[in-house]
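Every heavy atom of this structure was used, including side-chain atoms; hydrogens, water molecules and symmetry mates were not. It should be emphasised that the depicted structure is a prediction, and the values quoted were computed from it without experimental measurement.
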Amino acid sequence: LSRRLARRVFRLGFFLVLAYLLRFPMAKFSHLPYATDERWQSFFVVDILQVVAVVLLVLQALIGLLPSPRAVGVTTLLLGVAVVVGGPLVWAIDWTAYLPLLFASYLSPAWGSLFPVFPWAGYILLGAAFGVVTERWLAHDRLDHVARVMITTGIVIIAAVWLFRLLFIAPYGSIDIRVSPGFFLLRLGGVAVVLGAITQVSMGWRGLPAVVQALAEQSLLVAPQMLFARQEELVELRRLDRRAAQHGVRLAAMMDLVLE
């Protein structure tokens, strides 16, 4: 392993461990034997940070195992399509009958996961495939033409999805919209349009704005900060809930006294 690759793997592993520590079931390690099933289920919930870290680690493994960038692009494209298309089928299975909860939580939201691998990993995998294609594409084409093709492709994808909806074509029947391949394509088309438009607008710039460049380079640092903020909000909500419960008990006692 090169030093650069080792740092990257360590960083992704750190974020994966951090994501679980944010949901640690008890206040101390010595209290773990007393953790309830509900606490363990909450601990194994898969959030955005776990998905990003795990999928990027898989991508690092593919880059090391496959012989060329083209092979990486084709593999990530096939995996991305499989994740998106197979999402509704995967969500319909009770994975705890076959896997421990730690792994089952990565496959569907049935146990509280907010960002299971199906379909959220599809964005990262297809993004990696798009990066490989774009690198080869820009070697023999102009950036403005690439941007126009992206905008046109995004519009066509969005129009095709809406046409399917108007014709009441639903291959999976009634399913959760979060795992719907059509909804995935709508968002993907929107991303293509926005990315193409940003590319067109920014072509005259000499460099990216400092804020945009910083977010692009340190995007993984944003997710933990968001998770910390959310955890603080949850703690505050629990505190308020306890206060409300205490006031409710007092009010009930006063009402009993009045009624007596």
Can you find a pair of side-chain heavy atoms, one from V161 and one from F164, that are under 4.5 Å apart? no
Give the cluster check for V191 versus F115: same hydrophobic cluster or not, with ILVMFWY residues linked at side-chain heavy-atom distances below 4.5 Å. no
Please report the closest heavy-atom contact between A53 and L12, naming both atoms and the distance. CB-O, 3.6 Å
Report yes if some heavy atom in the side chain of T199 is under 4.5 Å from a heavy atom in the side chain of V146; otherwise report no. no
pair Y106-L99: side-chain heavy atoms closer than 4.5 Å: no
Could you pull out the closest heavy-atom pair between S108 and S113, with the gap in Å? O-CB, 3.8 Å
Kindly compute the distance separating CH2 (W95) from OG (S105), expressed to the nearest 0.5 Å. 13.0 Å
Nearest 0.5 angstrom please: Q50 CD to L114 CG, how far? 9.5 Å
With side-chain contact (heavy atoms from CB on, under 4.5 Å) as the test, would you mind laying out the steps for V46 and V54 before giving the verdict? CA-CA 11 Å; V46 175; V54 168; over 6 Å; no
Minimum-distance pair of heavy atoms, taken over all atoms of L126 and G80: CD2-CA, 4.0 Å
Is it true that, when you exclude W162 itself, more than 12 heavy atoms of the residues, nucleotides or ligands shown sit nearer than 6.0 Å to its CH2? no
Side-chain heavy atoms of M150 within contact of Q200, under 4.5 Å: no
Might you confirm whether atom CZ of R165 has over 12 heavy atoms from other residues, nucleotides or ligands at distances under 6.0 Å? yes
Under the criterion side-chain contact (heavy atoms from CB on, under 4.5 Å), I'd like the reasoning laid out for F118 against L107: C-alpha separation, chi angles, the key distance, then a yes or no. CA-CA 6 Å; F118 294 83; L107 300 176; 3.7 Å; yes
Smallest heavy-atom separation, V179 atom then G87 atom, equals CG2-C, 3.3 Å
Look at the side-chain heavy atoms of Ile, Leu, Val, Met, Phe, Trp and Tyr, link any pair under 4.5 Å apart, and say whether L77 and I124 land in one connected group. yes
V81 with V51, same ILVMFWY side-chain cluster at under 4.5 Å: yes
For the residue pair Y123 and F184, categorise the inter-ring angle as parallel (less than 30°), tilted (30 to 60°) or perpendicular (more than 60°). tilted
F43 side, atom CZ; L102 side, atom CG - distance, nearest 0.5 Å: 8.0 Å
Report yes if the side chains of L195 and F130 come closer than 4.5 Å at any heavy-atom pair, otherwise no. yes
With the side chain counted from C-beta on, respond yes when I158 and L186 share a heavy-atom pair under 4.5 Å apart, and no when they do not. yes
Note, P181 side chain near P88 side chain (heavy atom, < 4.5 Å): yes
Atom CG in D47, atom CG in L22: separation rounded to 0.5 Å? 8.5 Å
Starting from L66, can I reach V74 by hopping between I/L/V/M/F/W/Y residues whose side chains sit under 4.5 Å apart? no
Closest heavy-atom contact between L49 and F15? CD2-O, 3.5 Å
For A147 and G196, work out which heavy atoms get closest and say how close. CB-O, 3.6 Å
Does R148 CZ have over 12 foreign heavy atoms under 6.0 Å away? yes
Show your reasoning for whether side-chain contact (heavy atoms from CB on, under 4.5 Å) applies to W137 and H140. CA-CA 6 Å; W137 190 1; H140 56 79; 4.2 Å; yes
Could you walk me through whether L59 and L56 pass the side-chain contact (heavy atoms from CB on, under 4.5 Å) test, one step at a time? CA-CA 5 Å; L59 285 177; L56 290 182; 3.9 Å; yes
Let me confirm one number: the CD1-CD1 distance from I151 to I155, rounded to the nearest 0.5 Å. 7.0 Å
Would a distance-only check, ignoring hydrogens and angles, find a side-chain to backbone donor-acceptor pair under 3.5 Å from Q60 to L5? no
Say whether M26 and V45 are linked into one hydrophobic cluster, either directly or through other cluster members, by side-chain heavy-atom distances under 4.5 angstrom. no
Please report the interatomic distance CH2(W91) to CG(D176), rounded to the nearest 0.5 Å. 4.5 Å
